[in-house]
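Right, one structure below, let's go through it.
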Amino acid sequence: MLKVMIVEDDSEIAALHAHFIAKEPSLKLVGIAVSFGMAREMMEIAKPDLVIVDNYLPDGRGVDLVYEWLKLEHKPECILITAANDAQTVNLAHRYGAFDYLVKPVDYQRLSLSLNKFIQVRQHLSQANKLHQSELDSLFYQAPATPEAN
């Protein structure tokens, strides 16, 4: 089982995220943090494999947590789910190695795809010593997104 932590100060949104995590048999929710400080504390105890992170927290920014967690021995993958869609925040998340970035209001079909991709990556990396290019392509290469109408 892969351990997942949610960092979200809106209890209804956190409950929705938890619902989708529960639908994945390979994932186990290990906690919900409602603040930056609580997320730091919970990280030390739970050591999750994946964290779903909101950027706007009452006492800090989620993207700063993603940066802090880069230094951990047990660095979790992070999916940001946030209303922050400004280029600076997106750029920081990308530079800090975010696994994925979804903008609120979240499309839960899209979140499901992201969770499945995370599971797939973890399974491949835990089962193989060497990977062929086709396996690497399925893990890292993404087809270009369809442009949205403005």
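Remember, predicted model here, so these are calculated numbers, not experimental data. Side chains included, hydrogens not; waters and symmetry mates left out as well; all remaining heavy atoms used.
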#### Entry: Main-chain N/O of Ala15 paired to His19 side chain as donor or acceptor, under 3.5 Å
no
### Query
Same cluster or not: are Leu72 and Val53 linked, directly or through other Ile, Leu, Val, Met, Phe, Trp or Tyr residues, by side-chain heavy atoms under 4.5 angstrom apart?
yes
### Contact summary for Pro48 and His74, nearest pair of heavy atoms
O-NE2, 3.1 Å
### Query
Going hydrophobic residue to hydrophobic residue with side-chain gaps under 4.5 angstrom, can you get from Val7 over to Phe99?
no
### Message
Heavy-atom count check: over 12 atoms from other residues, nucleotides or ligands less than 6.0 Å from Glu44 CD?
### Response
no
### Task
Flag yes if Leu125 and Ile119 sit in one hydrophobic cluster, no otherwise; membership is Ile, Leu, Val, Met, Phe, Trp, Tyr, and two members link when side-chain heavy atoms are under 4.5 Å apart.
yes
### Message
I need the Met38 CE to Met5 CE distance, nearest 0.5 Å.
### Response
9.5 Å
### Query
So do Arg61 and Leu92 actually touch side chain to side chain, heavy atoms under 4.5 Å?
yes
### Task
Take Tyr101 and Thr82 through the test side-chain contact (heavy atoms from CB on, under 4.5 Å) and record every step on the way to the result.
CA-CA 8 Å; Tyr101 198 107; Thr82 179; 3.4 Å; yes
## Note on the structure
Between Ile32 and Met42, the two heavy atoms sitting closest are O-CE, 3.4 Å
### Query
Hey, does the side chain of Glu8 reach the backbone of Asp10 with a donor-acceptor pair shorter than 3.5 angstrom?
yes
### Task
State plainly whether the residues Asp100 and Lys117 are in salt-bridge range, i.e. N to O under 4.0 Å.
no
### Message
Using every non-hydrogen atom in the two residues, find where Leu115 and Ile52 come nearest and quote the distance to one decimal.
### Response
CD2-CD1, 4.4 Å
### Joint cluster assignment, Val90 & Tyr67, ILVMFWY side-chain distance < 4.5 Å
yes
### Task
Look at the side chain of Asn55 and the backbone N and O of Thr89, then say whether any donor-acceptor pair between them is shorter than 3.5 Å.
no
### Summary
Nearest heavy-atom approach of Ala83 to Tyr56 is C-CE1, 4.1 Å
#### Entry: Heavy-atom closest pair, residues Ala18 and Ile6
N-CD1, 3.6 Å
### Message
Return the CG to NE2 distance between Asp54 and His17, rounded to the nearest 0.5 Å.
### Response
7.0 Å
### Task
Would you give the length of the straight line joining atom OG of Ser114 to atom CD1 of Ile81, rounded to the nearest 0.5 angstrom?
7.5 Å
### Summary
Interatomic distance, CG@Leu70 vs NZ@Lys75, rounded to 0.5 Å, equals 5.5 Å
### Task
Decide yes or no on side-chain contact (heavy atoms from CB on, under 4.5 Å) for Val106 and Arg110, but give the supporting numbers first.
CA-CA 8 Å; Val106 69; Arg110 175 64 175 77; 5.8 Å; no
### Task
Inspect the surroundings of NZ in Lys28 and state if more than 12 heavy atoms from other residues, nucleotides or ligands are less than 6.0 Å away.
no
### Task
Evaluate side-chain contact (heavy atoms from CB on, under 4.5 Å) for Arg122 paired with Leu50, printing each intermediate quantity in order.
CA-CA 10 Å; Arg122 282 299 172 108; Leu50 175 68; over 6 Å; no
### Task
State, with a plain yes or no, whether a side-chain heavy atom of Ile13 is found less than 4.5 Å away from one of Lys104.
yes
### Query
With distance as the sole test, does Asp59 use its side chain to make a donor-acceptor pair with the main-chain N or O of Phe36 at under 3.5 Å?
yes
## Note on the structure
Taken to the nearest 0.5 Å, the spacing of Leu111 CG from Asn116 CG works out to 9.5 Å
### Query
Would you say Leu16 and Val34 are hydrophobically clustered, going by side-chain heavy atoms of ILVMFWY under 4.5 Å?
no
### Query
So how far is it from Ile79 CD1 to Phe118 CZ, rounded to the nearest 0.5 Å?
7.5 Å
### Query
Closest approach of Ala46 and Val30, non-hydrogen atoms and distance?
CB-CG2, 3.7 Å
### Query
Do Val4 and Glu24 have side-chain heavy atoms sitting under 4.5 Å apart?
no
### Candidate pair Leu80 and Tyr96, rule side-chain contact (heavy atoms from CB on, under 4.5 Å), full reasoning
CA-CA 11 Å; Leu80 276 91; Tyr96 299 161; over 6 Å; no
